[in-house]
Amino acid sequence: MGWDGPVANDNTTGAVSGTAADGTSVFEEHRPLLLGVAYRMLGRVADAEDVVQEAWLRWSGADRAAVREPRAYLVRTTTRLAVDRLRQIASRREAYVGPWLPEPLATDYGHTVEDAAERAMLSESVSLAVLVVLESLSPLERAVFVLREAFGLPHAEIAGILDRGEAAVRQLAARARRHVAERTPRFEADPAQRRELTERFLAAAVEGDLDGLLAVLAPDARLVGDGGGRAKAPLRTILGAGKVARFLAAISQTPVPGLAVAPLELNGGPALLATSEGRPYAALVPEAADGLVQRVYIVSNPEKLAHLAR
């Protein structure tokens, strides 16, 4: 799913023809960007797709001939709809069984984004570690962080999108950036080294290699599982390299009908998808920093894995 791309230098200013065909082509051109914004805002593929569908309905009913900057109009509409959706689903998150994790998202920036620095920025902004922290921000803080840090929009443009003053947006951006920096691990400067480390970890996890796991886990590593009450998962975070390694070694030996495990890229980094008789069973996503695996996320809620079977 190519849901991202550079936006800050898109200076589309021509008015849009009012024909239905032209309106559809313009919207489809920007759909990956809109899905990228909505997913980072909401953490769920289905919610992101719902928001983008609503944005399409708004766009199809608009006086498109009067829209001078389609990208700005569509990003503004999508962001505002996502902020509203975040406020609506707050109670749903509070009633969730066990820890809540974002839905894993299949990514492949290597084939869609040529610039290495931009590819690293997009990967970090969609990592589960960052998305988990974004859950603790207010809807407006989250919107500002996503638009500014992931997509590089200027403060003045974000102010127009959110109908806020530029000074207020700068304050929101600084507060959100500080909050995220304090609560997420510092990623490796060299993405290749981080990838090599996570691949070693994933190989040890598949084999149930206890010593191999302990060799790459940080002493204070933590494992977070999300079953949502619909699948087996730890109801509390597992803390410490020893406990995390033993848990992973144990589940690697658990019989699963028709089990198959395949590597893939999820949320910008190496991960594993386990299937049971062809259906997604669990996604294992590690986060590495400072030369060790700091966090391990396991998503087994079938509702959050269904899109990976597409």
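We use all heavy atoms of the structure for the numbers below, so side chains are in, but hydrogens, waters and symmetry mates are not.
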Using the rule that two of Ile, Leu, Val, Met, Phe, Trp, Tyr join whenever any of their side-chain heavy atoms come within less than 4.5 Å, decide whether [X] and [Y] are in one cluster.
X	Y	answer
F247	L239	no
L284	L259	yes
V26	L57	yes
V97	W100	no

Spacing of [atom1] belonging to [X] relative to [atom2] belonging to [Y], to within rounding of 0.5 Å:
X	Y	atom1	atom2	value
I161	L153	CD1	CG	5.0 Å
L35	L105	CG	CG	9.5 Å
L266	L128	CG	CG	8.0 Å
F151	L33	CZ	CG	6.0 Å
E49	E54	CD	CD	14.5 Å
L131	T184	CG	OG1	11.0 Å

Contacts of type salt bridge (Lys or Arg N to Asp or Glu O under 4.0 Å), residue [X], not counting sequence neighbours:
X	value
R142	E135
R279	E277
R85	D47, D50
E94	none

Do [X] and [Y] come within less than 4.5 Å of each other through their side chains, counting heavy atoms only?
X	Y	value
R295	V224	no
L292	P219	yes
F27	V52	yes
V75	L147	yes
I298	L248	yes
R44	E103	yes

Taking all non-hydrogen atoms of both residues, which atom of [X] and which atom of [Y] are closest, and how far apart?
X	Y	answer
S300	A233	OG-CB, 3.8 Å
L305	P104	CD2-CG, 4.3 Å
V133	S136	O-OG, 2.6 Å

Can you list the residues that meet the side-chain contact (heavy atoms from CB on, under 4.5 Å) rule with [X], with sequence neighbours excluded?
X	value
L140	R87, S138, L162, R164, L172
A176	L137, E141, F145
D163	R80
V132	L101, P102, Y297

request  = Answer yes or no: are there more than 12 heavy-atom neighbours, outside Y281 itself, under 6.0 Å from its atom OH?
outcome  =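 Incorrect, the count does not exceed 12.
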With Y73 via ring-ring contact (aromatic ring centres under 6.0 Å, His included) - residues at least two apart =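 For Y73 the ring-ring contact (aromatic ring centres under 6.0 Å, His included) partners, ignoring immediate neighbours, are W59.
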Donor-acceptor contacts under 3.5 Å from residues 198-207 side chains, at least two apart:
from, atom 1, to, atom 2, distance (Å)
T198, OG1, R194, O, 3.1
T198, OG1, R195, O, 2.9

query = Have R170 and H155 got a donor and an acceptor in their side chains that come within less than 3.5 Å?
reply =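 Yes, side-chain donor-acceptor contact under 3.5 Å.
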task = Please list all pairs passing the side chain to side chain donor-acceptor pair (under 3.5 Å) test where one or both residues lie in residues 218-241, with sequence neighbours left out.
result =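 Output for this query lists Y96-D226, D226-K304, R230-E303.
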Without placing hydrogens or testing angles, list every side-chain donor-acceptor pair under 3.5 Å for residues 209-218, not counting sequence neighbours.
from, atom 1, to, atom 2, distance (Å)
D209, OD1, D211, N, 3.3
D209, OD1, G212, N, 2.9

